[in-house]
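Reminder, nothing fancy here: chain letters follow the sequence lines and each chain counts from 1. Please read all numbers here as calculations on a predicted model, not as lab measurements. FYI, side chains are in, hydrogens and waters are out, and symmetry mates aren't considered; it's all heavy atoms of this structure.
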Protein chains: 4
Amino acid sequence: MEYSEKQLQIIEAAERLFATNGYEGTSVRDIAQEAGVNLAMISYYFGSKEKLMEALFDCRGGYIKFTMENVIKNDELSPLQKINVLIDAYIEKIFTQQYFHRIMAREQMSRHFGESVISVMITQAKKKNQELIGQLIQEGQKKGIFKKRIDIPLMLMTMFGTANQLITTQHYYRDINNMQDVPDDEFQKHIKKKLSHHLKTLFKAILTYEA
Amino acid sequence: MEYSEKQLQIIEAAERLFATNGYEGTSVRDIAQEAGVNLAMISYYFGSKEKLMEALFDCRGGYIKFTMENVIKNDELSPLQKINVLIDAYIEKIFTQQYFHRIMAREQMSRHFGESVISVMITQAKKKNQELIGQLIQEGQKKGIFKKRIDIPLMLMTMFGTANQLITTQHYYRDINNMQDVPDDEFQKHIKKKLSHHLKTLFKAILTYEA
Amino acid sequence: MEYSEKQLQIIEAAERLFATNGYEGTSVRDIAQEAGVNLAMISYYFGSKEKLMEALFDCRGGYIKFTMENVIKNDELSPLQKINVLIDAYIEKIFTQQYFHRIMAREQMSRHFGESVISVMITQAKKKNQELIGQLIQEGQKKGIFKKRIDIPLMLMTMFGTANQLITTQHYYRDINNMQDVPDDEFQKHIKKKLSHHLKTLFKAILTYEA
Amino acid sequence: MEYSEKQLQIIEAAERLFATNGYEGTSVRDIAQEAGVNLAMISYYFGSKEKLMEALFDCRGGYIKFTMENVIKNDELSPLQKINVLIDAYIEKIFTQQYFHRIMAREQMSRHFGESVISVMITQAKKKNQELIGQLIQEGQKKGIFKKRIDIPLMLMTMFGTANQLITTQHYYRDINNMQDVPDDEFQKHIKKKLSHHLKTLFKAILTYEA
DNA sequence: TATGAATGAGCTTTCATTCAT
DNA sequence: GATGAATGAAAGCTCATTCAT
């Protein structure tokens, strides 16, 4: 689907507000004001608030299934190297789409979520990811590099959950580490690096360390 | 603060609904109906919807400062054993207070959160936790059992984040592992055990494994 | 169903406006203003505009099935006398419920009508009426007083249609007959009498006159 | 006034929708879609929704002044024959313009009707009709064929009202007579014939029968 | 001429809250 | 203390119309 300049303007405004205040906590009027457009334009372009949300997911959703296939097929990388590449790719994605990531994290726990179009998209993407990472780990296991018994879903939850936690509570991290005066982009870089190292260590340990 | 029977009834209803539908997604009418009380009672008892939320946190908030002091001072346990005890204590807490935990997870990412009374409570509790676990780890480091460079905030984020992720998306886990027919209490036990093992392995690895 | 004073106040306001401006041409705001109540009260009491309409029909609908049974069973009246009594009863009804009568006349020709609760009520009442009058006419036919071939549906249409036409266009009648200065209640009496005579003549003619 | 092909297209679409859903119940968007033209065209061509309605009446209005003069002057017909010819002419008119007829029936009972241009047109036409029929009846009375005391306005109301009732509630008639499976054109023919016979009988009776 | 885009006003309904008893 | 009734504000959405091209 293609979106016009104005539609993107609205979608981006909605993204910011949904991320900050939640879907229910954001009124269509808020979005109109944030986007600097007439209230009626939103219904005009998207039909309804819910359809706008769907358009947002349609817009950003493509990034969910981040291109793991290429990495997996690459024979020059060891299984662990591939894991590391994937971790960095994932981190890169969610940091460049922080707003959207927050929305997804929020929406995942909603009542109506299971019934919605969006839910299906996310579920499918998650399953796909899981399958691909599953293949990767099996490859490592066959080569004798990774441990036998790996709980892949829990591994992914650790990856998603930790990143989630960091993104949604980064101000805590900032406070605790006394980095209030560090410019934001620098701070982002900092925590991306930290998170990358942390997750890689975590995965390496869990995949190769014999408990 | 003490709450009457009826007030608790309302608080519990609100807890369920806030957890399921979010704060903004829950109307005072919904709560009144869920609690089986008159609509006006809620404003009458709590003053406002927001005050009700605060009462809920006041009620459940005790859970945050989970009793770590005793564990830390216990000389019969090794540092790693203490960590394990803490992990289990934490898991036990959040699983027995799943609803409240979801609410907290949600509210953490909200706009108004930083400004609220609740936010201060959580922040303080987190800092406390971090200090205590910090002490614990330092103890292990002094004894030469734990690695030197440990990013404690990120470790905690992993613990919180993973548990969070599991609790808020347990239906995914259920689907993926084909456990739809398992009774809920049994399923809860199952994932608690899995999570416990997973986190312990994770911590042991990260704390003792030389990368 | 019982309605409170305030509910009746609203229903009556709605009745006036629906009759004058049509259902779609009347806004809930209009009704609130006409009834002198707060806008939100209408949803509070009736749930929605449509439900209010149903309440109106529930309220007035009882009058539709005007008590013909008693008349029919009365052995002291000849069939034609019975017809005359019914005509007067019908006229009395619709003149005392002019507003409601207009609403019904309007709604009968609406698209959504066939699907609504109201529609079912009206249809049933009409069928009932038709059956009863059918019996009456058959009685007269058996006694050799009425003609054999009578198209009852068309007879009723003439009765309903003529009365309808008079009620909805009484101002024309007033203009044409130069009765602008006659007080309204007197004018009402006048046209009721005229209509009564007209319909009775019509029925007598059609039922007894051999074409 | 002359209307272009596209304008007629819009007018016809509006006619169908106004007849079915009422003026207020029809949105300009609905009309645009039904006519298969751009939304803005309607305002562009007609100025406003109300002006479109006027154009519709301007277009169809000719139907009202149905050509009675010729009939009246025709010396080969008896007064009763002339009445019968008029009845058939009237029936033919309204059946070929059912949609428009419904709209008129609706609009007659509207608030704004009395103030509108349309209203004046209809009123004039009605007066004209009344005068002409009045002449016809007087002719019959002079010849001793018709009764003396005839309430012409009520006679016309019976004619208009019965036809009206049949047209707007023809589905009832269909149901009651179990003609659901009869093709529509055949059904139309059927009720036209029935109505014609009914009205002629009615008029003959009322005009010649001594009550 | 023709139209996609845009708009302010209005719609019905629900909100959290307060009033009167 | 407890509650049905009431309310102003705001919600999401549609309206007829106009603008810019």
Looking at CG of C:Asn164 and CE of D:Met109, how far apart are the two atoms once the value is rounded to the nearest 0.5 Å? 6.5 Å
Nearest-angstrom distance from the residue atom CD1 of D:Ile31 to C1' of F:dC15: 12 Å
Taken to the nearest whole Å, CG/A:Asn21 to P/F:dA10 is 16 Å
Between F:dG8, F:dG4, F:dC13, spot the one nearest the side chain of B:Ala40, thanks. F:dG4
Please find the earliest and latest nucleotides of DNA chain E, in the 5' to 3' direction, that have an atom within less than 4.0 Å of any heavy atom of chain A. E:dG4 to E:dG10
side-chain contact (heavy atoms from CB on, under 4.5 Å) with C:Leu39: which residues, sequence neighbours excluded? C:Val28, C:Arg29, C:Ala32
Residue whose closest nucleotide on DNA chain F lies nearer the 5' end, B:Val37 versus C:Arg29: B:Val37
Would you mind reading off the distance between A:Ile42 atom CD1 and F:dG12 atom C1', rounded to a whole angstrom? 11 Å
Looking for any heavy atom pair under 4.0 Å, which part of the strands does B:Ser4 touch: base, sugar-phosphate only, or nothing? nothing
For D:Asn38 and B:Gly47, find the nucleotide of DNA chain E closest to each by heavy atoms; which residue's nucleotide sits nearer the 5' end? D:Asn38
Could you report the tightest heavy-atom contact between B:Arg106 and B:Asn21, atom names first, then the distance? NH2-C, 4.0 Å
List the steps and the verdict of side-chain contact (heavy atoms from CB on, under 4.5 Å) for A:Lys49 and A:Tyr23. CA-CA 9 Å; A:Lys49 191 182 170 185; A:Tyr23 177 78; 3.6 Å; yes
Remember a base hit wins even if backbone is also touched, and classify B:Phe46 as base, sugar-phosphate or nothing at under 4.0 Å, heavy atoms. nothing
Could you tell me whether B:Tyr99 atom OH has more than 12 heavy atoms of other residues or ligands within 6.0 Å of it? no
Rounded to whole angstrom units, what separation is found between the CG atom of B:Leu39 and the P atom of F:dG4? 10 Å
Duplex segments of DNA chain E, taken as runs of at least three Watson-Crick or G-U pairs that stay under 3.5 Å: E:2-21 with F:2-21
Is C:Asp58 reaching over with its side chain to a backbone N or O of C:Ala55, donor-acceptor style, under 3.5 angstrom? no
Given DNA chain E, 5'-ward residue of the pair A:Tyr44 and B:Lys49, judged by closest heavy atom: A:Tyr44
Can you tell which of F:dA11, F:dC15, F:dA2 lies closest to the side chain of A:Ser27? F:dA11
Centroid-to-centroid, C:Phe57 to C:Phe100, below 6.0 Å? yes
Upstream residue (5' side of DNA chain F) when A:Glu50 and D:Ser43 are each assigned their closest nucleotide: A:Glu50
Test item: D:Gln97 and D:Met104 side chains (from C-beta on) under 4.5 Å apart, heavy atoms: no
Testing the basics here: between A:Ile42 and A:Ile10, what is the closest heavy-atom pair and its distance to 0.1 Å? CG1-CG2, 3.9 Å
